[in-house]
Enquirer: 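The structure under discussion is supplied below as structure tokens; questions concerning it will follow.
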Protein chains: 2
Amino acid sequence: MFIETRHLRSLQAIHAAGSLAKAAEGLHLTQSALSHQIKALERYFDIALFLRNTKPLTLTPSGHMLVHLAQQVLPQIETAEADLKRVASGEAGRLHIAIECHACYEWLMPVLTDFRRRWPEVEVDIRLGLSFEPIPALQRGEVDLVVSSDPLKLPDVAFAPLFDYEARLVMAAGHPLAARQHILPRHLADQTLITYPVQRSRLDVFTRFLQPAGVEPAQWRQAELTDVLLLLVASNRGIAVLPDWVLTDSHQATGLSTRPLTRRGMHGTLYAATRRAEQGCAYLQDVIALAQSGPGMR
Amino acid sequence: MFIETRHLRSLQAIHAAGSLAKAAEGLHLTQSALSHQIKALERYFDIALFLRNTKPLTLTPSGHMLVHLAQQVLPQIETAEADLKRVASGEAGRLHIAIECHACYEWLMPVLTDFRRRWPEVEVDIRLGLSFEPIPALQRGEVDLVVSSDPLKLPDVAFAPLFDYEARLVMAAGHPLAARQHILPRHLADQTLITYPVQRSRLDVFTRFLQPAGVEPAQWRQAELTDVLLLLVASNRGIAVLPDWVLTDSHQATGLSTRPLTRRGMHGTLYAATRRAEQGCAYLQDVIALAQSGPGMR
DNA sequence: CTTTTTATTGAATAATTTTCATCATGTTCA
DNA sequence: TGAACATGATGAAAATTATTCAATAAAAAG
């Protein structure tokens, strides 16, 4: 293994210029350096690359092979370097987002629509965190941003607060619980609870509301899509607990009511988790800023 | 411009091995060297290439780009290097032959048939030296071997003797001149001379036989192919001067006679001219050795 | 034939890569 | 939990490699 891109660049330049002197100028080298460089190649492979006693330096067949190689290889390297520089400057890159909280999809999409207009070269993708652990995936480099509601203290991951939300009980307008000012755990003991299809340890209703009180809902069923979930609730097949922003005016009109959990309401904060190593990345900062305006922007 | 093939090799090895330490082993480097190398890249592009806090070192998207580049580029370079080494060792290469003497085609073809069996990877080509000067072409690298009958003293071209020949007058068996023991210039003054279609300065009959005696043939006509030329001679349309080897047994049977030019006969030597720079080339040496056995081998 | 341009060469210098030694961190296993 | 082990990072020294300098040779131009 011996050929370096430097050699290929020199070879190509010499071939194009027709002389060491001219090529040296373009390469910001002395012609002596080029002479040594070529000679080193020729000595290593024990072949002549150029015929020296011709007016414009001409290539031997072997020299031609190498120039041909250079013409194939150098453009590839150059475009790769250019891409890298664009990634470094933040112009281009990858933004793979994982969302723990399923409902986040609702407000995230408009944010990303904005984002794509502002950073057209960044490749955007969303992964619903159904079957994998988002934070380890972030650490492994599989995703670049995680929307999560419980910040951790990790050495390599930073959590930036996005906005506060309130988890409220959602039910059909005529539901008996709609009569109450606020909902307590025991009120759900005889209800059918509808959630997104994730394990209960990742559902705030269970971890922060029901389990501390030792209450189990009468039934637990799941729905993948927010709209389907709301449809089930509206038709009195059960109740759900969702962030306040999910209920838009249009939903209100379809006959849904919401009530706070506990007298004070169950409040939380959404965070954007990113790798500390990439905190300087311009488009990451921007997408977080966009997200911080939150569902209110909608 | 910064990326060198060394970087690509390291990147690829690290990716394959999953750790600097293992990769370093395979590359015959220390782990430290690799660490510095990668760090230099990362600093130059201001980008992370690997995530360090993962067990098997994982690539960032940018790192992936570079490994991908390496996988594209390195094989190309490696095959080029392998090709160069084969050329250097003489296994492969190019053998473009120019022949000044047109008749040489006759004995050269069987030699080349042999040659191609022995050096299948060498690309063989023959150029009839009709309209170009073979020796300058050799110097310019357009051809690699010239068959010539007049050796020159040149600093960059070597002439290796192949074999001696005798130029003889060829005529129809019943031709009046066939009665003579040997032919003198004046005997051709009333004859039609048939030659290959090249300028007279490159025909021995003129330069070494007729011109020194101040004799002109009655007519001069030309034929491109040896067989056509002999056909014309056999049908008494003229006479020709050809090297002795051209007349095979089969030609004798078609009713052709030959006689020496001057009492002593006009003898000459064929040479193989090659660039001194390439004299060490194995297949060049071999083709010369094959040619030295000459037309007698046929 | 001289002048100018261009390439080669060896030695000196500059730049770089690599190694060494050490440290920091993390993992494994008792 | 802590000791042993493995892995990567780091700075300084060492080694290697590339480049320049200066002198020379060679070839084209005038």
Side-chain angles (χ1 to χ4, degrees), chain A residues 1-11 13-45 48-60 63 136 139-141 153-157 275-277, chain B residues 1-11 13-45 47-60 63 136 139-141 154-157 275-277:
Chain A
M1 306 278 195
F2 186 76
I3 294 181
E4 291 291 337
T5 59
R6 168 167 29 91
H7 297 127
L8 297 181
R9 285 188 240 280
S10 300
L11 236 14
I14 296 170
H15 175 54
S19 81
L20 294 197
K22 272 182 217 145
E25 250 185 287
L27 294 169
H28 302 293
L29 282 174
T30 59
Q31 92 277 30
S32 177
L34 284 186
S35 179
H36 282 294
Q37 222 174 71
I38 301 303
K39 174 149 276 249
L41 276 182
E42 293 185 327
R43 203 169 38 219
Y44 178 80
F45 288 107
L49 261 20
F50 289 97
L51 295 174
R52 275 44 191 284
N53 24 20
T54 55
K55 169 70 182 308
L57 239 45
T58 48
L59 292 165
T60 63
Q139 291 173 310
R140 284 195 305 273
K153 267 207 182 117
L154 293 171
D156 52 348
V157 176
R275 285 182 289 276
R276 284 191 199 280
Chain B
M1 305 280 195
F2 186 75
I3 295 181
E4 292 291 337
T5 59
R6 169 166 26 91
H7 297 126
L8 297 181
R9 286 188 238 280
S10 299
L11 237 14
I14 296 170
H15 174 54
S19 82
L20 295 196
K22 271 181 216 144
E25 251 185 287
L27 293 169
H28 302 292
L29 282 175
T30 58
Q31 161 270 329
S32 176
L34 283 187
S35 178
H36 282 295
Q37 221 174 74
I38 301 303
K39 172 151 278 244
L41 275 182
E42 293 185 326
R43 204 169 38 219
Y44 178 79
F45 287 107
I47 249 183
L49 260 22
F50 288 98
L51 295 175
R52 274 46 191 288
N53 24 21
T54 55
K55 180 60 198 275
L57 238 45
T58 48
L59 292 165
T60 63
Q139 291 173 310
R140 284 194 304 274
L154 294 171
D156 53 347
V157 176
R275 284 182 291 275
R276 284 192 199 280

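Here is the naming used below: chain letters follow the sequence lines, and residue numbers restart at 1 for every chain.
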Enquirer: Could you tell me how far apart L27(A) (CG) and dT20(D) (P) are, to the nearest whole angstrom?
Expert: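 The answer, rounded to whole Å, is 10 Å.
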
Enquirer: Report yes if a donor N or O on one partner sits less than 3.5 Å from an acceptor N or O on the other, where the partners are the side chain of S32(B) and the base of dT10(D); otherwise report no.
Expert: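 Checked by distance alone, the answer is yes.
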
Enquirer: Nearest whole Å is fine: how far is dT19(D) P from L34(A) CG?
Expert: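 Distance check: L34(A) CG to dT19(D) P gives 8 Å.
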
Enquirer: Measure across Q37(A) and L29(A) and return the closest heavy-atom pair with its distance rounded to 0.1 Å.
Expert: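 For Q37(A) versus L29(A), the nearest heavy atoms are NE2-CD1, 4.4 Å.
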
Enquirer: Side chain of S10(A), backbone of L34(A): donor and acceptor closer than 3.5 Å?
Expert: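 No.
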
Enquirer: Starting at atom CG of L20(A), determine the distance to atom C1' of dA18(D), rounded to an integer number of angstrom.
Expert: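 Distance check: L20(A) CG to dA18(D) C1' gives 16 Å.
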
Enquirer: Can you check whether T30(B) has a side-chain N or O nearer than 4.0 Å to OP1 or OP2 of dT18(C)?
Expert: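 So the side-chain polar atoms of T30(B) never come under 4.0 Å of the phosphate oxygens OP1 or OP2 of dT18(C).
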
Enquirer: Once you apply a heavy-atom cut-off of 4.0 Å, does A21(A) come out as touching a base, just sugar-phosphate, or nothing?
Expert: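 Sugar-phosphate, backbone atoms only, no base.
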
Enquirer: Whole angstroms only, please: what is the CD-P distance between Q31(B) and dC23(C)?
Expert: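 Answer to the nearest Å: 15 Å.
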
Enquirer: How many whole angstroms separate atom CD of E42(A) from atom P of dT9(C)?
Expert: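 Distance, rounded to whole Å: 10 Å.
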
Enquirer: Would you call L41(B) and L11(B) a side-chain contact if the rule is heavy atoms closer than 4.5 Å?
Expert: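 They are in contact (side-chain heavy atoms under 4.5 Å apart), so the answer is yes.
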
Enquirer: Do any side-chain nitrogens or oxygens of K39(B) fall under 4.0 Å of OP1 or OP2 in dA9(D)?
Expert: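 So the side chain of K39(B) is outside the cut-off, no N or O lying under 4.0 Å from OP1 or OP2 of dA9(D).
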
Enquirer: Checking contacts here: which listed nucleotide (dT18(C), dT19(D), dT10(D)) is nearest the side-chain heavy atoms of R6(A)?
Expert: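 Nearest to the side-chain atoms of R6(A), counting from C-beta on, is dT19(D).
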
Enquirer: Could you tell me whether a side-chain N or O of Q31(B) sits under 3.5 Å from a main-chain N or O of A24(B), the two making a donor and an acceptor?
Expert: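 Not a single qualifying donor-acceptor pair exists.
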
Enquirer: Considering just the side-chain nitrogens and oxygens of R52(A), establish if one lies under 4.0 Å of OP1 or OP2 belonging to dA26(D).
Expert: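 No, no such contact exists.
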
Enquirer: Looking only at side-chain atoms of H36(B), point me to the closest of dT20(D), dA7(C), dA12(D).
Expert: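 Output: dA12(D).
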
Enquirer: I need the OH-C1' distance between Y44(A) and dT17(D), as an integer number of Å.
Expert: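 These atoms are roughly 15 Å apart.
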
Enquirer: Whether Q37(B) contacts dT17(C) is assessed here as follows: a side-chain N or O lying under 4.0 Å from the phosphate OP1 or OP2. Is that the case?
Expert: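 Q37(B) to dT17(C) OP1/OP2: no side-chain N or O under 4.0 Å.
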
Enquirer: Kindly indicate whether the side chain of F50(B), heavy atoms from C-beta on, has any atom under 4.5 Å from the side chain of L59(B).
Expert: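 In short, these two side chains touch, coming nearer than 4.5 Å.
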
Enquirer: What's the CZ-C1' distance between F2(A) and dA18(D), to the nearest Å?
Expert: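 Atom CZ in F2(A) sits about 11 Å away from atom C1' in dA18(D).
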
Enquirer: For S19(B), report the nucleic acid contact type (base, sugar-phosphate, nothing); a contact means any heavy atom under 4.0 Å.
Expert: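 It contacts sugar-phosphate atoms only.
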
Enquirer: Please pick, from dT18(C), dG10(C), dA9(D), the nucleotide with the shortest atom-to-atom distance to any side-chain atom of L29(B).
Expert: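 The closest nucleotide is dT18(C).
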
Enquirer: dT20(D) C1' sits how many Å from H28(A) NE2, rounded?
Expert: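 It is 16 Å, rounded to the nearest whole Å.
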
